[in-house]
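Keep in mind it's a predicted model, so treat the numbers as computed, not measured. The chain is numbered in sequence order, starting from 1.
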Amino acid sequence: QVQLVESGGGLVQAGGSLRLSCAASGLLVGINAAAWYRQAPGKQRELVAGITVSGTLNYADAVKGRFTISRDNAKNTVFLQMNSLKSEDTAVYYCNAAVRKSWFRQDYDSYWGQGTQVTVSS
């Protein structure tokens, strides 16, 4: 009933920028914590950036100073602004969110998006 849909990926030159979006839809009260992960070919999925319901941010060392995670609670959407992209940023980027679905229960279910491809050429 709840889906996360990523968008905004594509092919860019090194040094360029992309803005990824993750929109939650369906029967939900809201998003608690959310995060962006990425998985490059032949590598494990890794955490890129996270944001809590209160706005606390954390980033992987590899993207600090270049990426910014943000959210629009009214639209149930999470963003990842990616600047100064490098070839090593090439990966499929996945959105993950802890979603509250009930007004009566204070619990959360984790959802994953389908992923969006980001390719950075040198």
Side-chain angles (χ1 to χ4, degrees):
Q1 291 184 329
V2 175
Q3 288 84 39
L4 302 181
V5 179
E6 302 100 334
S7 61
L11 174 64
V12 297
Q13 298 254 301
S17 298
L18 286 173
R19 184 177 177 86
L20 307 183
S21 298
C22 172
S25 62
L27 299 177
L28 72 155
V29 174
I31 296 174
N32 191 268
W36 287 94
Y37 291 76
R38 68 186 181 187
Q39 188 166 24
K43 296 183 63 178
Q44 72 285 351
R45 189 171 298 186
E46 64 177 347
L47 177 66
V48 176
I51 185 168
T52 70
V53 67
S54 62
T56 300
L57 311 175
N58 72 292
Y59 298 96
D61 289 341
V63 306
K64 285 182 178 178
R66 299 188 297 118
F67 291 9
T68 303
I69 187 171
S70 61
R71 62 193 295 165
D72 185 337
N73 291 330
K75 296 182 178 180
N76 291 321
T77 302
V78 182
F79 304 96
L80 185 68
Q81 179 66 47
M82 310 165 68
N83 298 327
S84 301
L85 284 162
K86 306 174 181 179
S87 60
E88 51 262 45
D89 296 318
T90 296
V92 177
Y93 284 72
Y94 296 91
C95 178
N96 174 256
V99 176
R100 183 173 179 175
K101 297 190 292 185
S102 174
W103 289 103
F104 310 107
R105 292 183 176 181
Q106 295 181 355
D107 57 2
Y108 308 91
D109 295 310
S110 180
Y111 290 89
W112 288 90
Q114 293 295 119
T116 184
Q117 176 71 49
V118 172
T119 303
V120 184
S121 61
S122 301

Colleague: Work out which heavy atom in Ala91 is nearest to a heavy atom in Ala40; give both atom names and the distance.
Modeller: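 Nearest heavy atoms, Ala91 then Ala40: CB-N, 3.8 Å.
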Colleague: Once disulfide (SG to SG under 2.5 Å) is applied, what residue pairs with a partner in residues 51-99 remain, sequence neighbours excluded?
Modeller: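 Every pair satisfying disulfide (SG to SG under 2.5 Å) with a residue in residues 51-99: Cys22-Cys95.
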Colleague: Of the non-hydrogen atoms in Leu4 and Ala24, which two are nearest, and what is the gap between them?
Modeller: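 For Leu4 and Ala24, the tightest heavy-atom pair comes out as CD2-CB, 3.4 Å.
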Colleague: Mind checking side chain to side chain donor-acceptor pair (under 3.5 Å) for Asp109 and listing every partner two or more places apart, or none if nothing turns up?
Modeller: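 Asp109: side chain to side chain donor-acceptor pair (under 3.5 Å) contacts with Lys101.
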Colleague: Can you give the donor-acceptor pairs under 3.5 Å from side chains of residues 72-79 to other protein atoms, not counting sequence neighbours?
Modeller:
from  : atom 1 : to    : atom 2 : distance (Å)
Asp72 : OD1    : Ala74 : N      : 3.2
Asp72 : OD1    : Lys75 : N      : 3.4
Asn73 : OD1    : Arg71 : NE     : 2.6
Asn73 : OD1    : Arg71 : NH2    : 3.2
Thr77 : OG1    : Lys75 : O      : 2.9

Colleague: Could I get the full list of salt bridge (charged side-chain N to carboxylate O under 4.0 Å, His left out) partners for Glu88, not counting sequence neighbours?
Modeller: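 If we apply the salt bridge (charged side-chain N to carboxylate O under 4.0 Å, His left out) test to Glu88, skipping adjacent residues, there are no hits.
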Colleague: On a heavy-atom basis, which atom in Ile31 and which in Ala33 lie closest, and how many Å separate them?
Modeller: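 In terms of heavy atoms, the two residues are closest at CG2-O, 3.7 Å.
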Colleague: Sequence neighbours left out, what pairs pass ring pair (Phe, Tyr, Trp, His ring centres under 6.0 Å) with at least one residue falling in residues 51-76?
Modeller: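 The answer is none; no pair qualifies.
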Colleague: Output every pair passing side chain to side chain donor-acceptor pair (under 3.5 Å) with a member in residues 23-35, not counting sequence neighbours, ordered by first then second residue.
Modeller: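 Qualifying pairs, neighbours excluded: Asn32-Tyr108.
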Colleague: Please enumerate all residues that pass salt bridge (charged side-chain N to carboxylate O under 4.0 Å, His left out) together with Arg66, with sequence neighbours excluded.
Modeller: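 Only Asp89 meet the salt bridge (charged side-chain N to carboxylate O under 4.0 Å, His left out) criterion with Arg66.
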Colleague: Measuring from Thr90:OG1 to Leu85:CG, what's the distance to the nearest 0.5 Å?
Modeller: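 Interatomic distance, Thr90 OG1 to Leu85 CG, rounded to 0.5 Å: 8.5 Å.
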Colleague: So, does Glu6 use its side chain to make a donor-acceptor pair with the main chain of Gly115 at under 3.5 Å?
Modeller: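 Yes: the side chain of Glu6 pairs with the backbone of Gly115.
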Colleague: Please collect all salt bridge (Lys or Arg N to Asp or Glu O under 4.0 Å) contacts where either partner lies in residues 41-53, sequence neighbours excluded, each pair once.
Modeller: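 Counting only pairs at least two positions apart or across chains, the salt bridge (Lys or Arg N to Asp or Glu O under 4.0 Å) contacts touching residues 41-53 are Arg38-Glu46.
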Colleague: Is any side-chain heavy atom of Met82 closer than 4.5 Å to one of Leu20?
Modeller: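 SC-SC contact between Leu20 and Met82 confirmed.
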Colleague: Which residues pass the salt bridge (charged side-chain N to carboxylate O under 4.0 Å, His left out) test with Asp61, not counting sequence neighbours?
Modeller: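 With sequence neighbours excluded, Asp61 shows a salt bridge (charged side-chain N to carboxylate O under 4.0 Å, His left out) to Lys64, given in chain and number order.
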Colleague: So do the side chains of Leu47 and Asn58 get within less than 4.5 Å of each other, counting heavy atoms only?
Modeller: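 A side-chain contact under 4.5 Å exists here.
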Colleague: Is there a donor-acceptor pair under 3.5 Å between the side chain of Asn96 and the backbone N or O of Tyr111?
Modeller: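 Side chain of Asn96 to backbone of Tyr111, a donor-acceptor pair under 3.5 Å: yes, one is there.
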Colleague: Looking only at the side chains, is there a donor atom on one of Ser102 and Asp107 sitting less than 3.5 Å from an acceptor on the other?
Modeller: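 Absent: no donor and acceptor within the cut-off.
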Colleague: How close do Val63 and Val48 get, counting heavy atoms only, and between which atoms?
Modeller: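 Smallest heavy-atom distance, with atoms named: CG2-O, 3.6 Å.
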Colleague: My understanding is that only residues two or more places apart in sequence, or in another chain, count here; which of them pass side chain to side chain donor-acceptor pair (under 3.5 Å) with Ser122?
Modeller: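 Ser122 satisfies side chain to side chain donor-acceptor pair (under 3.5 Å) with no other residue.
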Colleague: Sort and list the pairs that fulfil side chain to side chain donor-acceptor pair (under 3.5 Å) and have at least one residue in residues 9-23, not counting sequence neighbours.
Modeller: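 Only Gln13-Ser121, Ser17-Asn83, Arg19-Gln81 qualify under side chain to side chain donor-acceptor pair (under 3.5 Å).
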Colleague: For residues Val118 and Val92, determine if any side-chain heavy atom of one lies less than 4.5 Å from a side-chain heavy atom of the other.
Modeller: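 Result no, sub-4.5 Å side-chain heavy-atom pair not found.
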Colleague: Write out all pairs satisfying ring pair (Phe, Tyr, Trp, His ring centres under 6.0 Å) with one or both partners inside residues 25-52, taking only residues at least two apart or from two chains.
Modeller: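 Only Tyr37-Trp112 qualify under ring pair (Phe, Tyr, Trp, His ring centres under 6.0 Å).
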Colleague: Between the side chain of Thr116 and the main-chain N/O of Gly9, is any donor-acceptor distance below 3.5 Å?
Modeller: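 Yes, Thr116 side chain to Gly9 backbone: donor-acceptor pair under 3.5 Å.
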Colleague: Hydrophobic cluster membership, with links at side-chain heavy-atom distances under 4.5 Å among I/L/V/M/F/W/Y: are Ile69 and Leu18 in one?
Modeller: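 Yes.
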Colleague: Do Ile51 and Thr56 have side chains that approach each other closer than 4.5 Å (heavy atoms only, starting at C-beta)?
Modeller: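 Side chain of Ile51 against side chain of Thr56, heavy atoms only: no contact under 4.5 Å found.
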